[in-house]
Amino acid sequence: MKDRKPDSSTAIQSRPVRDMGRLHGRRIMNMLMNALMNMRMRVLLQICRAQRSVHMLASHPESGMATAEYAVVLIAATGFAGLLVAILKSGAVKSLLTELVTRALNV
């Protein structure tokens, strides 16, 4: 019985089992490769985003200051306008301006 060769039908039946094992191994390898590629792509995307942020900060370091600068200028302009109104309401300036306008109209 030891010298008996396997029947051809037995050899044919054992091939699909071996091929299924190879196929399953290939699927697992493909899944692992896809997962690694997805992870690599996500890491590269994060690196690109970080580089873009660094580039933006390096090229425009004071771009966020515009709103604060506008607010300071607005407050200064409002203060200056209030000061002008206070000066123009005083009696001496009022009489000076009235005299200037009447002189200009009499010419």
Side-chain angles (χ1 to χ4, degrees):
M1 284 284 198
K2 289 183 180 180
D3 294 334
R4 186 173 170 212
K5 291 185 178 179
D7 192 17
S8 63
S9 63
T10 317
I12 292 173
Q13 288 176 356
S14 65
R15 266 192 208 148
V17 173
R18 276 186 270 152
D19 288 344
M20 285 299 288
R22 287 183 193 152
L23 184 62
H24 184 68
R26 285 184 188 148
R27 283 185 182 163
I28 290 175
M29 286 301 291
N30 283 340
M31 288 172 50
L32 288 174
M33 290 300 290
N34 285 338
L36 285 173
M37 291 300 288
N38 286 338
M39 285 175 27
R40 182 176 181 267
M41 292 302 290
R42 281 186 273 162
V43 167
L44 288 174
L45 181 65
Q46 291 296 328
I47 289 171
C48 287
R49 286 180 181 162
Q51 285 177 342
R52 185 177 56 206
S53 297
V54 167
H55 178 70
M56 285 288 285
L57 289 174
S59 63
H60 304 292
E62 294 185 15
S63 63
M65 295 296 293
T67 305
E69 289 171 357
Y70 285 131
V72 169
V73 168
L74 208 65
I75 290 170
T78 305
F80 185 68
L83 181 65
L84 281 177
V85 167
I87 290 172
L88 291 176
K89 279 190 172 184
S90 69
V93 175
K94 198 175 206 180
S95 64
L96 182 67
L97 287 175
T98 306
E99 185 183 330
L100 184 68
V101 170
T102 51
R103 237 194 273 163
L105 292 175
N106 288 333
V107 172

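The figures that follow rest on heavy atoms only: side chains count, while hydrogens, waters and symmetry mates do not. For reference, positions follow the sequence shown, starting with 1.
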Expected list for residues 96-107: side-chain donor-acceptor pairs under 3.5 angstrom, two or more places apart:
residue : atom : partner : partner atom : Å
T98     : OG1  : K94     : O            : 2.7
E99     : OE2  : R103    : NH2          : 2.7
T102    : OG1  : T98     : O            : 3.1
T102    : OG1  : E99     : O            : 2.8
N106    : ND2  : T102    : O            : 3.2

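- Note that CE of M37 and CG of N34 are 8.5 Å apart. Values are rounded to the nearest 0.5 Å.
- Atom CE of residue M29 and atom CG of residue L32 lie 6.5 Å apart, to the nearest 0.5 angstrom.
- Considering CG of L36 and CE of M33, their distance stands at 6.5 Å, rounded to 0.5 Å.
- Residues forming a side chain to side chain contact (heavy atoms under 4.5 Å, CB included) with I87 (at least two apart in sequence, or on another chain): L83, V93.
- Applying the salt bridge (Lys or Arg N to Asp or Glu O under 4.0 Å) test to every pair with at least one member in residues 79-91, sequence neighbours left out, gives no pairs at all.
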